[in-house]
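Here's the structure we're looking at; comments come further down.
Each chain gets a letter, A, B and so on, in the order its sequence line appears, and its residues count up from 1. Hydrogens, waters and symmetry mates are skipped; everything else that's a heavy atom, side chains included, is used. Remember, it's a predicted structure, so these values are computed and weren't measured experimentally.
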There are 2 protein chains.
Amino acid sequence: MMVDNLDKRKKRILQAIIQEHVISAAPIGSRTLSKKYEFEVSPATIRNEMSDLEDMGFLEQPHTSAGRVPSDLGYRFYVDEIIQAPELKFPQMLENIEDNYRDMQSIQDIITGTARMLSKMTRYTALVSEPSIQESKLQKVQVLPVAGKSLLIVMITDTGIVHNKIIKTEQDFTAKKLHYINQFLSDKLENKELAKLDPEYLVTIEEQLLAKIDISKKIFTEIYQEFKGINKPEDLKVYLGGTSYILDQPEFNDIERLKKVLNLLDQEKVLGKLINNNLSGADLEVKIGHENELEDMKNCSLVVATYHISDKAIGKIGVLGPTRMEYHRVISAVDLIADILGSSISKVSR
Amino acid sequence: MMVDNLDKRKKRILQAIIQEHVISAAPIGSRTLSKKYEFEVSPATIRNEMSDLEDMGFLEQPHTSAGRVPSDLGYRFYVDEIIQAPELKFPQMLENIEDNYRDMQSIQDIITGTARMLSKMTRYTALVSEPSIQESKLQKVQVLPVAGKSLLIVMITDTGIVHNKIIKTEQDFTAKKLHYINQFLSDKLENKELAKLDPEYLVTIEEQLLAKIDISKKIFTEIYQEFKGINKPEDLKVYLGGTSYILDQPEFNDIERLKKVLNLLDQEKVLGKLINNNLSGADLEVKIGHENELEDMKNCSLVVATYHISDKAIGKIGVLGPTRMEYHRVISAVDLIADILGSSISKVSR
DNA sequence: AATTAGCACTCAACATTCAAGAGTGCTAAC
DNA sequence: GTTAGCACTCTTGAATGTTGAGTGCTAATT
């Protein structure tokens, strides 16, 4: 889209402006820059360079006699071209983090704990989606009788995630009948990848089962519903941590802006779509300002990473902050935590 | 604490001030009052009454030449003595509400949906706690084998709540052994009230089981852990709806105040304690301003109701708003929704 | 004895003005 | 290509004045 090879000096100036702006949240002028950084040139030269960078779209000027502010494109260039290796590995924190994970007994604990931790590390709002099972295989299906005439269906995936659902029926089930149903469902469903359980197949086996034994059609319909819902990214629960960190950002001192973002965070479905829309995509994605589809997020950036269980992409974690975000630090953190999260889940779940 | 019998006129004035203040969020003066309401007396008289009400602690004056604002005590009096029957029953909404509930398939859906709905109805932030099982009985306990050497323990209460947990073991289990374990656990645990499963009893039956069959001690420890954790009110998940409604309240235009409240809402444990601290207490509680134990809530009021499954108190729902809250409307709504929630859960769960 | 008109006084809120400071762009010199 | 110098722009914050809602008190009225 653009000459993506800035000369050395322009790069350094852009980086310096971003660095300063991330700290101060204010426009940066040429004098400030030349005082704080050891450019070997005068403010006037810097001024010229800044003017060039603005022409190229990397900087913006809030009003005539103000300093410059990085544009979304400026941040994009910074993220793509300037940030080096994810050097800071939070080494001092690492032990602490792993300690925290040791106490977590259930997947729920782990996910909410991760959200809290990630937000604490980054000082931005963290989002953690529950594991998706769409790419997993069914490892076990079992129907249990419950008092009354209800049945409990328990499903376990090869990634160790347990789903269950109570369904009401109008008939009693003998142990024998249940045993048959269980056997049947195991044969037909276990080791199938959930995403590939298409409606036709389900209808076929439904008919088979109905032909064999006397069972109300409703049961299968409910099981079927359950499978159908499992794939939608927007239905995955998303857990938040550190919502109140948003308030630390001066750009959200404006109540109207703040409201837009908090509104977003209220809508779980929107968050689900936002973060889970591309489960098998890149392991790390950064969406800067207007790059987000939602208008209300044009002042925000989102850093999303994928977490895995035995190399299978299973869910997403993310950090939401102002476009003026400490990308370097956040990317390292998200990356690190995604790793730990994946292995922690697989530890408790199988 | 105080002459709690105000004469008729004082009551009317207090009520009018509260009514106006709830709308305007500003101090109310004697002139405004006499213009908008048909008191048959002059502003000067109202002024004298207001001065009296201030002396009694029901009103406060932000500064000398401002109007009056209701104090926490004033609201308390209003809630206790002035609010009449919960007249508004949201009749036009009722159908709509029940429609919404019909679509909800799982307890999760119901709870998050309730939070959303309650916040929409009241236009304040809603809190819904997941059902507690501490007063429930175990209806069914079952251990299922999972690939590898893990076991899945499934527990169902008589209130229809399902809990499950995967535990890892170091041994294989034959079908026979599993059957024995299941039989044993059923005998010993089913129909026991969870709150009464004390450590000693658990230790006793643990020894019995260990004596009978060769099973690693660890399994029982994990089951035991699970039961132990079940009782703590602060560990119950609390779901939020309408967090962003807080921003509509002018009292939270002050970022510092806002931060305090949002911080609270971030901390699930605190919310759990807050709302679940008194499960078997009154069915409806109103905590006004400083009546809340938490300093950070001194500008907030909390209306909490208990929801039931077959007459057993099982969880709480609540609404959090500024002390300047529409108590009448909120109380009706919380009351109504608590009812519907209870019956909806029991519908899907058994 | 309760009520009310009248009045002086108070205080927040808003608008206006002003000066300071940071920054720019341009030009001409280096 | 770089820089000093300079006129110009624009925000920010402090200072000041004005307005209006509200009070409390006193003395007159019912």
*Whole angstrom value for the distance that separates P of D/dT3 from CD of A/E40*: 10 Å
_Within residues 63-72 of chain A: residues closer than 4.0 Å to DNA chain C (heavy atoms)_ = A/T64, A/S65, A/A66, A/G67, A/R68
*Tell me whether the OP1 or OP2 atom of D/dT2 has a side-chain N or O from A/S42 closer than 4.0 Å.*
no
*Just to confirm, is there a sub-4.0 Å distance from OP1 or OP2 of D/dA21 to any side-chain nitrogen or oxygen of B/R47?*
no
*Please lay out, stage by stage, how B/Y245 and B/Y124 fare under the test ring-ring contact (aromatic ring centres under 6.0 Å, His included).*
CA-CA 5 Å; B/Y245 283 129; B/Y124 297 112; 8.1 Å; no
*A/S301 versus A/Y327, side-chain donor and acceptor atoms under 3.5 Å*: yes
_The test is side-chain hydrogen bond (donor to acceptor under 3.5 Å, both in side chains); show your working for A/Q249 and A/R324 and say whether it passes._
CA-CA 9 Å; A/Q249 306 304 329; A/R324 181 189 61 84; 2.8 Å; yes
*Verify the neighbour count for atom NZ of B/K273: are there more than 12 heavy atoms of other residues, nucleotides or ligands below 6.0 Å?*
no
_Between A/L14 and A/L59, does the side chain to side chain contact (heavy atoms under 4.5 Å, CB included) criterion hold? Intermediate values first, please._
CA-CA 8 Å; A/L14 179 56; A/L59 294 180; 3.9 Å; yes
*May I have the distance from B/E60 (atom CD) to D/dG22 (atom P), rounded to whole angstrom?*
18 Å
*With sequence neighbours excluded, what pairs up with B/D52 under the salt bridge (Lys or Arg N to Asp or Glu O under 4.0 Å) test?*
B/K10
_Nucleotide C/dG25, atom C1' - distance to CE of A/M50 in whole Å_ = 13 Å
_Nearest-Å distance for atom pair CG/P, residues A/D52 and D/dT2_ = 11 Å
_Listed partners of B/K287 passing salt bridge (Lys or Arg N to Asp or Glu O under 4.0 Å), at least two apart_ = B/E293
So which protein nitrogen or oxygen atoms get under 3.5 Å of nucleotides 27-30 of chain D's nitrogens or oxygens?
none

*C/dT3 P sits how many Å from B/I46 CD1, rounded?*
11 Å
_Donor-acceptor pair, distance only, cut-off 3.5 Å: does the side chain of A/K316 make one with the backbone of A/N277?_
no
_Any A/L284 side-chain heavy atom under 4.5 Å of A/D335 side chain_ = yes
*Mind listing the residues from residues 21-38 of chain A sitting with a heavy atom below 4.0 Å of DNA chain D? Number order is fine.*
none
*Roughly how many Å is it from CD in A/E54 to P in C/dG23, rounded to a whole number?*
15 Å
*Rounded interatomic separation in angstrom, taking CD from A/Q61 and P from C/dG23*: 12 Å
_Selection from D/dT2, D/dT3, C/dT4 that lies nearest to any side-chain heavy atom of B/V41_ = C/dT4
*Atom CZ of B/F39 and atom P of C/dT3: how far apart are they, to the nearest Å?*
14 Å
*Is it true that atom NZ of A/K120 has more than 12 heavy atoms of other residues, nucleotides or ligands lying nearer than 6.0 Å?*
no
*If a pair satisfies salt bridge (charged side-chain N to carboxylate O under 4.0 Å, His left out) and one of its residues is in residues 29-45 of chain A, list it, with sequence neighbours excluded.*
A/E20-A/K36
